[in-house]
Amino acid sequence: MEVSGLVESPATLSFQDLLALPQVDSVSDFHCVEAWSVKDQGWSGAPFTALMERVKPKRGARYALFRAYDGYSTSLPLRELSKEGVLLAHTLNGQPLPPPLGGPVRLVVPHKLGYKSIMWLRGVEFSANDELGFWEARGYTNEADPWRGAD
Ligand SMILES: Nc1nc2c(c(=O)[nH]1)N[C@H]1C(S)=C(S)[C@@H](COP(=O)(O)O)O[C@H]1N2
Ligand SMILES: [Mo]
């Protein structure tokens, strides 16, 4: 995983490097924009805040722009990514995260609609400016609040 942009310590993190960060287990529900939800998923991984402590965002960094191996992208403000339960997840319900569900590593953002939880994570760029992701550029709300809906 490539970590770049407005950070003190840009890094290329291997899977082992990710496992070496502080780890947490977090149970959360999953909300899709299509209105279904999956309850009580047991995710394990590094909190996004652990990544921030490792690479140290510079003053002025306000967003993280995420890119995936399939070309998908999304973004979130750092203040949203600092909330509890936001993980760089590699394990689901005690098993290595399978590729169809985003393995080896995906972002999990329980308080946002599913399209913010990018699978097959390839890179994170810290930025002063936001950049619309794949669905956001096609009309989905950039807020992605599950209690409000997609339009
Ligand atoms: N890399 C990547 N991540 C992605 C997507 C995608 O197409 N590519 N789709 C998003 C959308 S629209 C949803 S609803 C969730 C679905 O995740 P799930 O298969 O675990 O339910 O993944 C999100 N993350
Ligand atoms: Mo979705």
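Below, each value reflects all heavy atoms present in this structure, side chains not excepted, and no hydrogens, waters or symmetry copies. Only a predicted model underlies this, so the values are computations on that prediction, with no experimental measurement involved. Numbering of ligands and ligand atoms starts at 1, following listing order.
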Open item on the list: For Trp120 and Tyr69, I'd like to know if the aromatic rings sit close, meaning centre-to-centre distance below 6.0 Å.
Closed with: no
Need the list: ligand 1 N/O atoms against protein N/O atoms, distance under 3.5 Å, rounded to one decimal.
{"from": "ligand 1", "atom 1": "1 (N)", "to": "Asp70", "atom 2": "OD1", "distance (Å)": "2.9"}
{"from": "ligand 1", "atom 1": "1 (N)", "to": "Asp70", "atom 2": "OD2", "distance (Å)": "3.4"}
{"from": "ligand 1", "atom 1": "1 (N)", "to": "Met119", "atom 2": "O", "distance (Å)": "2.9"}
{"from": "ligand 1", "atom 1": "3 (N)", "to": "Met119", "atom 2": "N", "distance (Å)": "2.9"}
{"from": "ligand 1", "atom 1": "8 (N)", "to": "Asp70", "atom 2": "OD2", "distance (Å)": "2.7"}
{"from": "ligand 1", "atom 1": "17 (O)", "to": "Arg106", "atom 2": "NH2", "distance (Å)": "3.2"}
{"from": "ligand 1", "atom 1": "20 (O)", "to": "Arg106", "atom 2": "NH1", "distance (Å)": "2.7"}
{"from": "ligand 1", "atom 1": "24 (N)", "to": "Ser117", "atom 2": "O", "distance (Å)": "3.0"}

- Message: Ring centroids only, cut at 6.0 angstrom: are Tyr63 and Phe126 within range, meaning strictly under it?
- Response: no
- Query: Checking Arg138 against Phe134: charged group under 6.0 Å from the ring centre and within 45 degrees of the axis?
  - Reply: yes
Practice task
Test Leu107 against Leu87 for side chain to side chain contact (heavy atoms under 4.5 Å, CB included), laying out the working first.
Solution key: CA-CA 6 Å; Leu107 184 69; Leu87 297 191; over 6 Å; no
In this structure, CD of Glu8 is separated from NZ of Lys58 (nearest 0.5 Å) by 5.5 Å
Salt bridge (Lys or Arg N to Asp or Glu O under 4.0 Å) evaluation trace for Glu53 with Lys56
CA-CA 5 Å; Glu53 278 154 30; Lys56 300 186 215 68; over 6 Å; no
